[in-house]
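Bear in mind the structure is a predicted one, so any value in this text is a computation, not a measurement. Order of the sequence lines fixes the chain letters, A, B, ..., with proteins taken first and strands second; residue numbering starts at 1 for each chain.
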Amino acid sequence: MSLTLFLILCLNGLQYGLLLFLIAAGLTLVFGVMGFINLAHGVQYMVGAYLVFAFTGLTGSFWLALVLSLIAALMIGLLMEYAVFRHLYARPHLDQVLATFGIIIFLNELAKVLFGPATLSIDTPELLSGSIQITEQLRYPVYRLATIGAGLVVAVGLFITISYTRTGMLIRAGSTTPEMVSALGVNITQLFRIVFGVGAMLAGFAGVIAAPLFAIEPGMGDNLLIVAFVVIIIGGVGSIGGAFLAAILVGLIDTLGRSLVTELLGLAVDASMANQIGPALASMLIYILMAAILVFRPKGLWPAKGVA
Amino acid sequence: MKPKLKTATAAVISMLMGTTAVAEGLKIGVVVTLSGPPAALGQQIVDGFQLALEQKGGKLGGQAVELIVEDDELKPDVALLKATSLIERDEVDIVVGTVFSNMLQAIFKPIVESETFLISPNAGPSTFAGRNCNPYFFVTSYQNNQNAEVSGMVANEEGFENVFVMAPNYQAGRDNVEGFSKTFKGNVTDVVFTPLGHQDFSAELARMSTSDADAVFTFMPGGMGVRLVGQFNDAGLKDSMKFMSVFTTDETTLPGQKDAAVGFLAAGNWAPDMANDANTAFVSAFEAKYGYIPGGYAMQAYDTANLIDSAVAATGGSLEDKDAFRAALKAADFTSVRGEFSFNKNHYPVQDFHALTIVKRDDGKFHTSFVRTVVEDYADSFASECQM
């Protein structure tokens, strides 16, 4: 394996990791701060992708569509919170799982009814449609670099908000002792609503920037949701820093693993055997990592402070 | 209720029941995937079948048809449940299904054991082509390995020496790799298996670019194909290597792939622009009714309906004599829109296979286009094991 190939793989891993982070960030806050299991979080990713598809069709501009999609994703998140989720906070986890799973099915089918079952795609925005020639044959699309940049900006912004602002402080306090924060005169319901809406918007944002790279189809968020849960368990539930670290780790391990495991196995066993086992083993890597974390560091790599 | 009245009622009821039994009709159950991402494939089959039915005034072989469409949800247990309810509750005469081979495996046994005819408009697994072939089972599409085998022949004809092969890591993916390797005479540089439903192909594309292959062969149905083609194009590989595939760039995925797929090679038993009168009529009628260009799935379903029509007509509208009906089906006395069509002794088709390419039509829609016929009257390699 050449160095160039390795670097490309690292870039791809980083990009996948940041995409995961955008989804996991909202999930870890909602799960960590509110103790609420929201399976429907992954479906927000799909909603974001369909929104940008619809708005690009209507307005003709990706950038306008981006802004409109973010607003719409926020609104949809708040609407779902108001209509469904707020009735579930006090209920047991099983009820939450059932209700949010119902929302997944409903929204997946709705997408199919509105846009049809076929896979859709949108073009990359004109401004970022170029590519950088990295080897003689291979070009690296600028858009992919832009998604890495966007992911990093959001990560830094979130980290600053949670660590240094008053809202962030309240969110951190609310996650450990919601009753006390409430007793001090903070509207905790309002706070949770904000957390929920922003989380939904971030997942929507992930869907928007992923839309030109990956195709848009009903159920596209379902697999990512599972990986996002892996990320928040590895990183530590409720911890933004942990989610970031774990997302990058999972992204890199998954991407590098897929190329390296088969090659490494090829050194030990014969090629056809390696080809049989390699792909299966590569897709297991992140789950093996999660199992190891659960055994040796059950609170995650970078647990949120004060989590018992 | 007085005894006399009771008898009268019973008589009326038995008369009514008698009439329904006498009124000859044809009950056809359809089991296809209509939910989840692959729903587009199942929808094409339903549309294709219904178009043929409508063109014949709701009758096949002169018999009024009651069509019962069921969704297998791409879950074997659901498929089995739907199939058994079709044969036991609805008592259908014929079952048409499925899209996917693993769904067919699930429903096969109960249907053929109840001596109901099962006609597959798409799935053509090797499992039922050889030793386990069955008198009640027909396939109107192809045997699964064939398209990949023909792709290997296309690669030979195009003069490719080094080919990079990639498929999803499941049975059909491995079958296609095997099929391609069987007929391709050049050198396979790499065989890469990705997870099913793979999102980001950039790692694989990077490997492709350093592999010195002059072409890539792949099988990436549905959304995977849309993503792969877009990313292949973005990575600039379109200039340095040829893209050759089966079930990756077809009428179900082209609306998402658009210009990125133009010029890509494919292999198959049909293309919408194949020049024969039956086909031209079919494609224009289909487009007029459903507003999209039919793919192979719709075509095979359309042929299936016409096949049933010919067989029911040949037996005078009766399915009572199963041997006679089977012989009528096997005769395949209908005009297939792909041209010549006949059944092998294992009830899988013998037909021509062609090299195809992706073109953009003047109205901006995309479709697969006929290039040349690669192999004529091509039979699958399992038929010799079939004792029937």
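One finds a salt bridge joining A/K112 and A/E109 here, because a Lys/Arg side-chain nitrogen approaches an Asp/Glu carboxylate oxygen to under 4.0 Å. Salt bridge absent: B/D71 and B/K82 never bring a charged side-chain N and a carboxylate O closer than 4.0 Å. A salt bridge links B/R361 with B/D363: the distance from a Lys NZ or Arg NE/NH1/NH2 to an Asp or Glu carboxylate oxygen falls below 4.0 Å. Salt-bridge formation is detected for the pair B/K360/B/D259: a Lys NZ or Arg NE/NH1/NH2 atom is positioned less than 4.0 Å from an Asp or Glu carboxylate oxygen.
Of the listed residues (B/A206, B/P38, B/S240), the greatest number of heavy-atom pairs within a distance under 4.5 Å of chain A belongs to B/A206. Residue with the most contacts toward chain A among B/T210, B/T253, B/V191: B/V191 (heavy-atom pairs, distance under 4.5 Å). Of the listed residues B/A39, B/G222, B/P255, the one with more heavy-atom pairs under 4.5 angstrom with chain A than any other is B/A39. Ranked by non-hydrogen atom pairs under 4.5 Å with chain A, the options B/T252, B/D239, B/D200, B/L41 are led by B/D200. With chain A as the partner, the residue from B/A40, B/G236, B/S209 showing the most heavy-atom pairs under 4.5 Å is B/S209. Heavy-atom pairs under 4.5 Å with chain B peak, among A/G278, A/A282, A/A215, at A/A215.
Looking only at distances, a side-chain donor or acceptor of A/T147 sits under 3.5 Å from a matching main-chain atom of A/R144.
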- side chain to side chain donor-acceptor pair (under 3.5 Å) between B/D175 and B/N144, worked out: CA-CA 8 Å; B/D175 284 350; B/N144 287 353; 5.2 Å; no
- Given the rule in the salt bridge (charged side-chain N to carboxylate O under 4.0 Å, His left out) test, do A/E263 and A/R258 qualify, once you have shown the distances and angles that lead to the verdict? CA-CA 9 Å; A/E263 285 199 16; A/R258 257 187 287 120; over 6 Å; no
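If you measure heavy-atom distances from B/Q43 to chain A, you find no contacts under 4.5 Å at all. Heavy-atom distances place the backbone of B/L34, and not its side chain, under 4.5 Å from chain A. For B/S35, the parts lying near chain A are the backbone and the side chain together; criterion is any non-hydrogen pair under 4.5 Å. Within the 4.5 angstrom heavy-atom criterion, no atom of A/L11 approaches chain B. Of the two parts of B/Q231, only the side chain, counted from C-beta on, holds a non-hydrogen atom closer than 4.5 Å to a non-hydrogen atom of chain A. Proximity to chain B (any heavy atom under 4.5 Å) is shown, for A/Y140, by neither the backbone nor the side chain. Both the backbone and the side chain of B/S202 come within contact range of chain A, each with at least one heavy atom under 4.5 Å from a heavy atom of that chain. For a residue to count as touching a neighbouring chain, one of its non-hydrogen atoms must lie under 4.5 Å from one of that chain's; by this rule B/D234 touches chain A with backbone and side chain alike. For A/Q15, the part lying under 4.5 angstrom from a heavy atom of chain B is the side chain only.
The 12-atom threshold is exceeded at CD of B/E158, counting heavy atoms of other residues, nucleotides or ligands nearer than 6.0 Å. For A/Y287, the OH atom counts as densely surrounded, since its 6.0 Å shell holds more than 12 non-hydrogen atoms of other residues, nucleotides or ligands. In B/K242, the NZ atom is not crowded: 12 or fewer heavy atoms of neighbouring residues, nucleotides or ligands sit closer than 6.0 Å.
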